[in-house]
Peer 1: 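One structure, as structure tokens, below. Some questions next.
Computation of the quantities below employed the complete heavy-atom set of this structure, encompassing side-chain atoms and omitting hydrogens, waters and symmetry-equivalent molecules. One-based numbering along the sequence shown. Counting convention: from 1, in listed order, for ligands and their atoms alike.
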Amino acid sequence: MSADPIHYSIHPSDPAGHLYTVHCTVQRPDPAGQIMFMPAWIPGSYMIRDFARNVVRAWAREGGREITVERADKSSWRCAPATGPLTFGYQVYAYELSVRAAYLDLERGYFNGSSVFVLPRGHELSPCLVDLLPPDDSASNWRVATTLPREDAPELGFGRYRAADYETLIDHPVEMGRFDLAQFDAGGVPHQLVLSGRQRADLERLCRDLARVCEQHLALFQDAAPMQRYTFLTLAVGEGYGGLEHRDSCSLICSRNDLPRPWEPAMSEGYRGFLGLCSHEYFHTWNVKRIKPAAFSPYRLEAESYTTLLWAFEGITSYYDDLALRRCGLVDRVSYLQLLGQTATRVYRGSGRLKQSLADSSFDAWTKFYRQDENSPNAIVSYYAKGALVALALDLELRLRSDGRCSLDQVMRALWQRHGRTGVGVPEDGVERLAAEVSGLDLDEFFQSAVHGVAELPLAERLADFGVCLQRRPAAGPDDKGGTAAVAQPPRAVLGVRSRPAPHGAEILHVLEGSAGHQAGLAAGDVVVAVDGLRISGAELHERVAALPPGVSVSLHAFRRDELKELQVIAQAPPADTIYLELMADPGGAATARRDAWLGGE
Ligand code: ZN
């Protein structure tokens, strides 16, 4: 193992062609032929992406001499034997507008190290130096935003940066371009908000609100901040939503309309969602970036890394993201319960929750959650959404059975002390054991059912103990996300399918198990062109069926590929699969006290 640094340079050499040119120099390469490896996946996004496929060409030099390079496998190259220094060069095509990969055009560049930097095998622990080079067009006036420490570069400038090792290097994404920048302080830690893309956001308000969210999370763990600085790298686009956590930063994509504008003082649903996203990624600074499953310690980036614990890392994070908004006072109790009701609705809309446990959903994330298809609502459950409900149920269980002495907060603090601060990975049963240890309660039955089983969660009963009533009703229409009492008259009948408008009808995307559509033989991909002998436009499928009395049989005409089919469908009354939560008017003294401790008072 060499202590010589690996030296990288990355140059946006052809912004119009979306190409970075990268060099990686190793002082003492493997004399048998240095292997250069590029990750197959990026931590935080559990899908094989094979980033090496975006390398357009590669070459290698020893001194001034070109040496041969051959492919070793789909993620690796083998350089001819050399004594060094060895420089491996390559061009990377970067045109994926997401938080997981790399992007370059004439306006900006963005990359995760896992998409652009090779790892010279055998040098996993060597320190890294990175020269971030500006585009050749000096008129571009690009700045640089990254949490990589500066070695020899002006603040926000191109130049030399460093990382302790390769895993650190690829955990600090880089934005380059002409972005807006705002700064704020939370818990004594300097925070940056970097905003790229066209937007007119109210930066002052964003900083004010984000500071409250960050303070909330920092306070939860009752310890010094684990990072010295933090950056929200945000790209505003027309339509988009997504985030990826890193140890000192996160990358976000949002719709520009979700960002608050100076002339809009109210808390819009879109802005509430954006704050929830920021809160989610920030909570990961502890939960998954430092408190990690043993399976990720260290990351093995050449193939799938299996763990049954994603429900704890994504589900608990999904519980705390909105709860923090409530706790720091950015949303009121009613607004918070609306968000919880929407999460519950997402879980209860599919029968997959009755077949796949949370532990299995976590384990199979690589091939199921991240590779969803037309049958997913019938086959899988989200470890995010159901994970958040289990975190809620666990929090309430702990509070109730300990008479308010214990809550999920203590479990998180214990996870932080035992696994986050120490870097010791969480074993597969570690969360369950620690929750039992911290609370002194026997939680076997709870976890067996909630995490390893597929029984319905006893949410309604538990919420009632906390003065909250769980209500169910039919969906008012295809866009009804739940969370509130009925906004409109529910349909009289439904097909139980999800569809989207097609040029000459409605294309079926999902057929829910046991639904009228299932029983009639409708299938994903079918294009329904007529209901009851009358032509429909794409948006009319639901409303035409909605007007029918349940139990009536009507004909549907649909194309499957190029074959016209006539199906008989018996319209069904809509299921009560939409959930909303209400504060009970007078839950009694004990429940009121529990509710106030959980959600805060009025
Ligand atoms: Zn997450």
Peer 1: Is the Lys NZ or Arg CZ of Arg472 less than 6.0 Å from the centre of Tyr348's six-membered ring, within 45° of the axis?
Peer 2: yes
Peer 1: Hey, is the Zn ion (ligand 1) within less than 2.8 Å of some N/O/S atom on Glu245?
Peer 2: no
Peer 1: What angle sits at the Zn ion (ligand 1) between NE2 of His284 and NE2 of His280, to 10°?
Peer 2: 100°
Peer 1: By atom name, which N, O or S atom of Glu314 is the nearest to the Zn ion (ligand 1)?
Peer 2: OE1
Peer 1: For Asp202, give me all partners under salt bridge (charged side-chain N to carboxylate O under 4.0 Å, His left out), at least two apart in sequence or on another chain.
Peer 2: none
Peer 1: Considering only distance and modelled atom types, tabulate donor-acceptor pairs under 3.5 Å from the side chains of residues 420-438, sequence neighbours left out.
Peer 2:
residue: Arg421; atom: NH1; partner: Asp223; partner atom: OD1; Å: 3.3
residue: Arg421; atom: NH1; partner: Asp223; partner atom: OD2; Å: 2.7
residue: Thr422; atom: OG1; partner: Arg418; partner atom: O; Å: 2.5
residue: Thr422; atom: OG1; partner: Val424; partner atom: N; Å: 3.2
residue: Glu428; atom: OE1; partner: Thr308; partner atom: N; Å: 2.7
residue: Glu428; atom: OE1; partner: Thr308; partner atom: OG1; Å: 2.6
residue: Glu428; atom: OE2; partner: Thr307; partner atom: OG1; Å: 2.9
residue: Asp429; atom: OD1; partner: Arg433; partner atom: NE; Å: 3.4
residue: Asp429; atom: OD1; partner: Arg433; partner atom: NH2; Å: 3.4
residue: Asp429; atom: OD2; partner: Arg433; partner atom: NE; Å: 3.1
residue: Glu432; atom: OE2; partner: His452; partner atom: NE2; Å: 2.8
residue: Glu437; atom: OE1; partner: Arg418; partner atom: NH1; Å: 3.2
residue: Glu437; atom: OE2; partner: Arg418; partner atom: NH2; Å: 2.7

Peer 1: Apply the side chain to side chain contact (heavy atoms under 4.5 Å, CB included) test between Leu156 and each candidate in Leu181, Val144, Thr146; give the one that qualifies.
Peer 2: Leu181
